[in-house]
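Okay, so here's the structure we're looking at.
Keep in mind that this is a model prediction, so the values were computed, not measured. Each chain gets a letter, A, B and so on, in the order the sequences are listed, and its residues count up from 1. We use all heavy atoms of the structure for the numbers below, so side chains are in, but hydrogens, waters and symmetry mates are not.
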Amino acid sequence: MIVPSGIGKKRLSLLQDKVVLHGGRLVSSFEEEGRLTHVIVDDMLSIDGFKKYVEDEARVAGVPVLKTQWLSRCLAENAIIPLGEHQMFAMPKICPTVLVGTSLGHPHEEQTKEISINKDGFACAHASGMKTDNVNQLITEELGKLAKIYKNSNDHWRALTYERAINQIKKLPKPISSYEEAKVLHGIGPSLADKIWEIVEQGKLRKAEKLSEGEKVRTLELFTSIWGVGATTAELWYGMGLRNLNDVKTKAHLTHQQQIGLKCFDDLLERMSRAEAGEIAAVIRKAVEELCPGTQTFACGSYRRGKSTCGDVDVLVTHPDGVSHEGLFQPLLKKLKLSGFLTDDLMIQEQSTAQQKYLGVCKLHKENAKYRRLDIIVMPYGELAPALMYFTGSAHFNRSMRLLANKMGMSLSEHGLRAGVVRQGREKVNDGHLLETPTEASIFQHLGLEYRPPEDRDH
DNA sequence: TGGCGGTACTG
DNA sequence: CAGTAC
DNA sequence: GCCA
């Protein structure tokens, strides 16, 4: 609901149009139907002025009353942004909030999460976790083809732009049907809007179709789908005249990683069920528990984000006493190898006691089990929250968090959040100081964001 | 026009 | 260092 | 390829 008082006529209708364009629903104060989730008012409106406008106070009880600036930013970012300082006030609540427990082994902060009544509203509220199906699937698929082609040919900044645009479009509740609707979105400029328009009109992208037919594009895609092969190597091999996996096996010089990539090629292209990812995580949890009781393991990545299938399994290992994680890595890997669970190493730093990351391949002990990618990181307990955040992703989510941190003069990594970071161009002049981040929620808080549970961290 | 996440490991 | 990956 |  937008309270028109104090908002210029022109601006009001502009805002209203945009809300609708983004899939929102405008609710008037007289309308009985429909849930009210947010109230937008002019910054200068007083509580009394507000009460006067709304006859029925029960109608707005507990609903946040926000400045127009909040709505503008939501529209610009195409997301429901934290209310924070945009919130002016809220009428006393009538509805209680509900506490819901989660069953996964998350740290205390996430054992309960608040579910308040005023959740969805306009659909730009889709914080990625709401399981709405993608109504612009055709568009995102076509753009995805180009994104991949650009990535495979080392044009990764362009690919990044495409991926961002795709993420943005996925959040939309309504199909895009015009150039203008696309162009309004943050991260979509003339070129992308053009392409989207073409997809809407023609049902496909000529450029993607044409490129996909090309031998080079198809070969680069094949090569880069081998683990350990990126755009540069693929291009090199193509230049050498290699065209298929057999050529690669017989004529290319392969790194250890690429040999494994080839050996497990078919299996690693597949995603596994969520259940299997859970089984794999359980194997590690059991081994860790036997080695050092009290050690905690967290299955992160897409598993923690609640996905129904997983491309790999990411397991974070730590110990609450802050010390026992040290020296745990080598015995753990040894034990997992001895049992035949770990089959190949992709990245392992054997001669350093400071190893923190292991990337490898595993296989469950059962009939027809497939090779699966497994990542393990061992972290000191003090870095648990930033590490969980990093390892849970998604990649795009991590990027945006770190970008925001930068803007605020901070720096976020899997080790911690620092404030007062001074940069001169790229290099840091001052490392700043570490902030206290006992929980993931505290990281959101430092950045002025509302907490987002893992399921809502897809974009 | 420069920047686009920040870091760990391999060869 | 470049390349690759998370 | 888009944005500040």
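Contact check on A/Asp247 versus A/Lys251 returns a salt bridge, with a Lys/Arg side-chain nitrogen under 4.0 Å from an Asp/Glu carboxylate oxygen. Ionic pairing of A/Glu221 and A/Lys151 is not present here: no N-O contact between side-chain nitrogen and carboxylate oxygen is shorter than 4.0 angstrom.
Side-chain contact, A/Asp321 with A/Tyr381: no donor N or O sits under 3.5 Å from an acceptor N or O. Side-chain polar atoms of A/Ser308 and A/Arg274 form no donor-acceptor pair below 3.5 angstrom. No hydrogens or angles considered: a donor-acceptor pair under 3.5 Å links the side chains of A/Lys195 and A/Ser191.
Within 4.0 Å of A/His256, counting heavy atoms only, lie sugar-phosphate atoms of the nucleic acid but no base atom. Note on A/Lys183: nothing from the nucleic acid sits closer than 4.0 angstrom, heavy atoms only. Nucleic acid contact class of A/Leu412 (heavy atoms, under 4.0 Å, all strands): sugar-phosphate only. Among the atoms of the strands shown, only primed sugar atoms or phosphate atoms (P, OP1, OP2) are found under 4.0 Å from some heavy atom of A/Asp314. Nucleic acid contact for A/Arg418: none, since no nucleic acid atom lies under 4.0 Å from a heavy atom of the residue.
A straight line from CG of A/Leu403 to P of D/dA4 spans 11 Å, rounded to a whole angstrom. In this structure, CG of A/Asp345 is placed 13 Å from C1' of B/dT10, rounded to the nearest angstrom. Between A/Arg399 atom CZ and B/dG6 atom C1' there is a gap of 10 Å when expressed in whole angstrom units. One interatomic measurement links the two molecules: CG of A/Leu346 to P of B/dG11, which rounds to 11 Å at whole-angstrom precision. One atom, CG of A/Asp155, and another, P of B/dC4, lie 17 Å apart when rounded to the nearest Å. In this entry the distance linking OH of A/Tyr390 with C1' of B/dG6 reads 9 Å, nearest Å. When rounded to the nearest whole Å, the span between CD1 of A/Ile443 and P of B/dG6 equals 15 Å. Note: CH2 (A/Trp157) to C1' (B/dG3) measures 7 Å, nearest angstrom.
A side chain to side chain contact (heavy atoms under 4.5 Å, CB included) with A/Leu143 holds for exactly one of A/Leu138, A/Asn136, A/Ile166; it is A/Ile166. Paired with A/Asp312 under the rule side chain to side chain contact (heavy atoms under 4.5 Å, CB included), one option of A/Leu268, A/Leu359, A/Asp375 passes, and it is A/Asp375.
In terms of position on DNA chain B, the residue among A/His415 and A/His253 whose nearest nucleotide sits closer to the 5' end is A/His415. Mapping A/Thr255 and A/Arg402 onto DNA chain B by nearest heavy atom places A/Arg402 at the nucleotide closer to the 5' end.
Checking the phosphate oxygens (OP1, OP2) of B/dG3, no side-chain nitrogen or oxygen of A/His156 falls inside 4.0 Å. Not one side-chain nitrogen or oxygen of A/Asn398 sits closer than 4.0 Å to the OP1 or OP2 atom of B/dT7. Put simply, A/Gln349 has no side-chain N or O that comes within less than 4.0 Å of OP1 or OP2 on B/dA8. Between A/Gln257 and B/dT10 there is no side-chain polar atom (N or O) within less than 4.0 angstrom of OP1 or OP2.
For A/Thr437, the side chain to side chain contact (heavy atoms under 4.5 Å, CB included) test picks out A/Pro386, A/Leu417, A/Ser442, A/Ile443, A/His446, with sequence neighbours left out.
The separation of D/dC3 from B/dG5, taken at their P atoms, amounts to 15 Å, rounded to a whole angstrom.
Aromatic ring orientation, A/Phe444 versus A/Phe397: tilted (interplanar angle from 30° to 60°).
Less than 4.0 Å separates DNA chain C from at least one heavy atom of each of the following residues of residues 228-251 of chain A: A/Gly228, A/Val229, A/Gly230, A/Ala231, A/Thr232, A/Thr233.
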Practice item. Walk me through it: do A/Glu141 and A/Lys145 pass the test salt bridge (Lys or Arg N to Asp or Glu O under 4.0 Å)? Key: CA-CA 6 Å; A/Glu141 272 175 11; A/Lys145 290 181 192 171; over 6 Å; no
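Of all nucleotides in DNA chain C, those with any atom nearer than 4.0 Å to a heavy atom of chain A start and finish, going 5' to 3', at C/dG3 to C/dC6.
Considering only side-chain atoms of A/Met347, the nucleotide from B/dT10, B/dG6, B/dC4 that sits closest is B/dT10.
A distance-only check finds no donor-acceptor pair linking the side chain of A/Ser302 to the backbone of A/Arg305 [under 3.5 Å].
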